[in-house]
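Below you'll find the structure, written out as C-alpha cells, and then a few comments.
The shown structure was predicted, so the numbers you read here are calculated from the model rather than taken from an experiment.
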Protein chains: 2
Amino acid sequence: MATTLKDVAALAGVSVATASRAFQRPELVGATSREKVLAAAADLGYSPNRSARALITGRSGVYGVIVPDLENPFFPAVLKGAQARAHQLGSQLLITDAGEAPEGELPLVRTLAAQVDGIVLCSSRMTEDSLREAADITPLSLVNRVSPVLPGVFADPVPGIPSAVRHLHRMGHRRVGYVGGPSVSRSDAVRRTVIERICTEAGMEWTDIGSFPPTVDGGRSGAEAVLLTDVTAVLVYNDFMALALMERLRSFGVDVPEEISVVGWDDIEFSSLVTPGLSTVRVPRYDMGVTAIDLLHDGGRRRNGESHLECLGSSGDEDAQGRSPRHARIGLPSQFVPRGSTAKVTARE
Amino acid sequence: MATTLKDVAALAGVSVATASRAFQRPELVGATSREKVLAAAADLGYSPNRSARALITGRSGVYGVIVPDLENPFFPAVLKGAQARAHQLGSQLLITDAGEAPEGELPLVRTLAAQVDGIVLCSSRMTEDSLREAADITPLSLVNRVSPVLPGVFADPVPGIPSAVRHLHRMGHRRVGYVGGPSVSRSDAVRRTVIERICTEAGMEWTDIGSFPPTVDGGRSGAEAVLLTDVTAVLVYNDFMALALMERLRSFGVDVPEEISVVGWDDIEFSSLVTPGLSTVRVPRYDMGVTAIDLLHDGGRRRNGESHLECLGSSGDEDAQGRSPRHARIGLPSQFVPRGSTAKVTARE
DNA sequence: CCCTGGTGTGCAATCGTTTACGATGGTTCT
DNA sequence: AGAACCATCGTAAACGATTGCACACCAGGG
C-alpha cells in the first residue's frame with residue numbers, strides 16, 4: 001500500500017541500507033546517491049513507517065502527557081507548548097485525561113509507558129512513592145509539581161506575588177487574605193509562605209482564609225469565608241475560584257472592587273472577559289509545556305543555553321550508591337496582571 | 001529489557017506461536033497451554049509491544065484527533081468523550097492542535113495518517129476537495145462539519161433553537177437577531193436557516209446581524225452591530241462571542257438582560273459563572289466525541305443499536321462505479337439552557 | 001488396516017527499518 | 001610497489017509480534 005524504503009531504494013538504484021543512511025546518517029553516503037535517494041523519496045511521497053523504526057530503535061517518537069482534567073483551562077496552553085516543542089523534535093503527543101482519579105494515575109502510566117518515550121505528568125496528585133515507581137518504568141517530567149527525585153517545571157511565585165502585593169499596598173490595602181486551594185497542593189503551600197513573607201515585609205496584615213477545593217464550589221465557599229474576616233483584598237488559588245468568588249460576593253451584595261479587591265492566579269482567558277476584569281498572577285503555561293518536553297528530551301541533562309529559562313534549583317539528594325543525581329527543577333517567572341478587580345480601598349470597614 | 005512474547009512462551013513451555021494465539025485466538029489453543037501462557041504472562045507482567053504488532057497488522061491502535069485550537073473550550077469535552085470511547089476499544093488518542101491554520105490541516109493529516117488508524121477532524125476548515133484527498137489517505141470522521149462524502153457527527157439545532165426561540169417569544173420578544181460566526185461555517189448556515197424558519201413560524205421578526213470571527217473580538221464587533229438594529233434579543237454563534245458581546249454592550253451602557261437578551265451556543269463552563277448567567281444552547285460535546293470514535297471504528301458501517309444516537313441522514317451520492325456508499329451523518333440533539341441573560345422585554349426602544 | 005477429519009502445535013516467513021560487518025575501489029604514504 | 005587508510009556501499013541479521021502452512025496425533029468409519 002504505502003511506499004516503503006525498498007521502493008525508494010529501487011527507484012534510486014541503491015540498496016535499502018544506503019537509502020536508510022541517506023536519512024539517518026547523510027554524511028556516510030556519497031553526494032550523488034544521497035540526492036538520488038532524496039529525490040526518489042520526494043517523488044514517491046515516502047514517509048518512514050514509525051512502527052518499524054520504533055521496533056528496532058526502541059523509541060516510538062511519541063511522548064505521553066497526563067493531565068488531571070482536560071476541561072480545566074489551565075492545561076490546554078501547556079499542551080500547546082508541549083506539542084510545539086514535540087513537533088520540533090519530530091515527536092508526537094499522546095494526551096490522556098486521568099479523569100480526576102489520583103489512584104488511577106499509576107496504572108495509566110504503566111499502560112502508556114509501553115508505547116511512549118517518556119511521560120509528562122501535569123499537576124500529578126500521585127504520592128511520592130508512586131512517582132518513584134513510575135519513574136522506574138519510564139522517563140518522567142513533572143509540571144506544576146516538584147519532587148526531590150524528578151525533573152520538573154513549575155511556576156515561580158516570583159515576581160508575580162511581590163508585584164501583586166505591592167500593587168495592593170499602593171492601592172491602600174493593609175489587610176489581605178489568601179483563599180487557598182487543596183492543602184495537599186505543594187504550590188499552594190509555597191504561595192502561602194511567599195504571600196505571608198511579602199505581606200509582613202510590606203507591613204500588611206495577612207489572613208489565611210483556609211483551604212478549598214480548586215473548583216467553582218470552592219470559590220463560592222471561599223467567598224463566604226472571606227465575609228467572616230475584615231480583609232479588604234484577597235488573593236485566590238486560581239482564576240476559576242476567584243471568578244466564582246467574585247460572583248458569590250456580588251450575590252451577597254458585596255461589590256468588587258469597591259468593597260473587596262480580588263486577585264486570581266493563572267490568567268485564564270476568561271479573566272479578561274468578565275466585568276470587572278480579574279486581576280491575576282499569570283503563569284507561563286505555554287513555556288511550561290515547552291520546558292516539560294525539553295526535560296524529557298534531554299533526559300535531565302544540562303540544558304542548552306538558548307532559552308529564557310531560569311533554573312532555580314536542583315536536587316542534591318544522594319541515592320543509595322552515594323552518587324548525586326542532579327535533576328533539573330525549573331521555575332518559570334510568574335507575572336502580575338492588574339485589571340478591574342483590584343482598586344483603591346474605599347468602603348469596607 | 002521489557003519481557004517479550006518469547007519469554008512468556010519459554011516460561012509456559014510452548015512456542016511463541018502458541019503464546020501469541022493464546023491471546024489473539026484463544027479458541028485455537030488447548031485449554032492447558034492457554035492457561036499456562038496466561039499465567040506466565042501475568043507472572044512476567046508481559047505487555048505486547050505495540051510497535052511490533054502494528055508493523056505486522058498494519059494497525060497502530062491509535063486514533064488521531066485534530067482540533068483547530070485546544071484553548072477553545074468547546075473541544076476538551078469532545079476529547080474526553082473520544083478518549084473514553086477509544087480506551088474502551090483498546091486504543092489511544094493522538095491529539096494535535098492545528099493551530100489556527102486551515103491550510104496546515106491537510107499536511108497535518110498526511111503526517112498523522114502514517115501512524116494512526118484513523119483521524120477525527122474537529123470543526124475542520126478544510127475545503128471539500130482537501131477533505132476528499134485526506135479521506136483517500138486514511139479513514140476520517142468529522143465533528144461539527146458535514147460533508148456529503150464522509151461520516152460525521154454534528155449538533156442538531158433541534159430542539160435547542162426552537163425551544164430558545166419559544167422562550168424568547170414567551171418573554172415578549174418580537175424582534176430577534178442572529179450574530180453569526182464565520183460565513184464559511186456550515187453549522188452557522190444551518191443555524192441561520194433554522195432560526196429564520198422558527199422565527200417566522202412564531203410570527204417574530206428576524207434580523208441577520210452579520211458574520212463575525214468566532215473570537216472575543218468578533219463578539220465585540222457583534223455588539224456594535226447589534227446596537228445599530230432594533231432587536232430586543234440576539235442569538236450568538238458561540239458562548240465565547242456571546243460573553244464578549246454582553247461585556248461590550250454593558251460597556252456601552254446597555255444592560256443585559258434589561259434592554260437586550262442574549263443567547264449563546266455551546267454552554268461552556270463559564271456561561272454559568274458570569275453575571276448574569278448566559279442562556280445558551282447546549283450541545284452534547286462529550287457524546288460527539290464518543291460518536292466520532294465510533295464512526296471511525298466501525299468504518300461507517302451500521303451502528304449498533306445500543307446508543308441514544310439519532311441518525312439524521314445518510315449520503316446517497318453515487319460514486320463512479322454507481323455504488324451508493326452510505327456514510328453515517330449523525331446529529332445529536334441540542335438543548336436550550338435558560339439563565340439570567342434572557343428576560344422579559346422591558347426598556348428597549 | 002487405511003483413510004478422512006479434526007484438533008493442537010510448531011516452523012518459518014513476514015512486516016519496514018536500522019545497523020554491524022565486510023567488500024570494494026581509490027588515494028596516499030613510505 | 002606494497003601497505004594502510006578512507007569513503008562508499010551492499011549483505012544480512014536483527015527488533016517482536018502475527019499467521020499461513022505443515023505436521024503430529026487421535027478418533028471413527030469403511
Side-chain angles (χ1 to χ4, degrees), chain A residues 1-41 44-62 90-92 111 113-117, chain B residues 1-41 44-62 90-92 111 113-117 137-138:
Chain A
M1 193 78 257
T3 75
T4 78
L5 195 56
K6 193 156 58 168
D7 303 329
V8 173
L11 181 56
V14 300
S15 74
V16 287
T18 303
S20 173
R21 278 188 285 250
F23 295 107
Q24 303 300 315
R25 316 279 306 273
E27 73 277 10
L28 289 186
V29 322
T32 63
S33 13
R34 188 190 325 147
E35 280 177 20
K36 276 192 294 187
V37 170
L38 263 29
L44 297 172
Y46 167 75
S47 93
N49 181 318
R50 317 210 22 156
S51 300
R53 186 195 304 230
L55 181 55
I56 194 152
T57 62
R59 311 182 14 91
S60 62
V62 177
S91 295
Q92 302 284 344
T111 314
Q115 36 191 329
V116 300
D117 298 336
Chain B
M1 193 79 256
T3 74
T4 80
L5 194 56
K6 193 157 57 167
D7 303 330
V8 174
L11 181 56
V14 300
S15 73
V16 286
T18 303
S20 174
R21 278 188 284 252
F23 296 106
Q24 303 301 313
R25 316 280 306 273
E27 72 278 10
L28 290 186
V29 322
T32 62
S33 9
R34 188 189 326 144
E35 281 176 22
K36 276 192 294 186
V37 170
L38 263 30
L44 297 172
Y46 167 75
S47 95
N49 181 319
R50 322 217 8 165
S51 302
R53 186 196 307 233
L55 182 56
I56 194 149
T57 62
R59 309 182 14 90
S60 62
V62 177
S91 295
Q92 302 284 344
T111 313
Q115 36 190 328
V116 300
D117 298 336
I137 314 180
T138 188

Non-hydrogen side-chain atoms of A:N49 and A:T4 separated by less than 4.5 Å: no
A:R34 and A:K36, any side-chain heavy atoms less than 4.5 Å apart: no
Nearest-Å distance for atom pair CD/P, residues A:Q115 and D:dA17: 14 Å
A:L55 CG - D:dA13 C1' separation (whole Å): 13 Å
Nucleotide D:dC15, atom C1' - distance to CG of B:L5 in whole Å: 13 Å
Integer-rounded Å distance: C:dG16 P and B:N49 CG: 17 Å
Working for side-chain contact (heavy atoms from CB on, under 4.5 Å), residues B:T111 and A:Q92: CA-CA 10 Å; B:T111 313; A:Q92 302 284 344; 4.0 Å; yes
Sub-4.5 Å side-chain heavy-atom contact between A:S91 and A:V62: no
Spacing of A:Q24 atom CD relative to C:dA20 atom P, expressed in whole Å: 12 Å
Atom-pair distance (CZ on B:R53; P on C:dC15), nearest Å: 19 Å
Whole-Å gap separating P (C:dA20) and CZ (A:R25): 8 Å
Nearest-angstrom distance from the residue atom CZ of B:R59 to P of C:dG16: 16 Å
Non-hydrogen atoms of B:L5 and B:V16 that approach each other most closely: CD2-O, 3.9 Å
Pairs under 3.5 Å (N/O, protein and nucleotides 5-13 of chain C):
from: C:dT9; atom 1: OP1; to: B:S33; atom 2: OG; distance (Å): 2.6
from: C:dT9; atom 1: OP2; to: B:G30; atom 2: N; distance (Å): 2.5
from: C:dT9; atom 1: OP2; to: B:S33; atom 2: OG; distance (Å): 3.0
from: C:dG10; atom 1: OP2; to: B:S15; atom 2: N; distance (Å): 2.9
from: C:dG10; atom 1: OP2; to: B:S15; atom 2: OG; distance (Å): 3.0
from: C:dG10; atom 1: OP2; to: B:T18; atom 2: OG1; distance (Å): 2.6
from: C:dG10; atom 1: N7; to: B:R21; atom 2: NH2; distance (Å): 2.7
from: C:dG10; atom 1: O6; to: B:R21; atom 2: NH1; distance (Å): 3.2
from: C:dG10; atom 1: O6; to: B:R21; atom 2: NH2; distance (Å): 3.2

Sugar-phosphate only, base, or nothing, as touched by B:F23 at under 4.0 Å among non-hydrogen atoms: nothing
Test item: A:R50 side-chain N/O and A:G61 main-chain N/O as donor-acceptor pair under 3.5 Å: yes
Under-4.0 Å side-chain N/O to phosphate OP1/OP2 contact, A:S20 with C:dT17: no
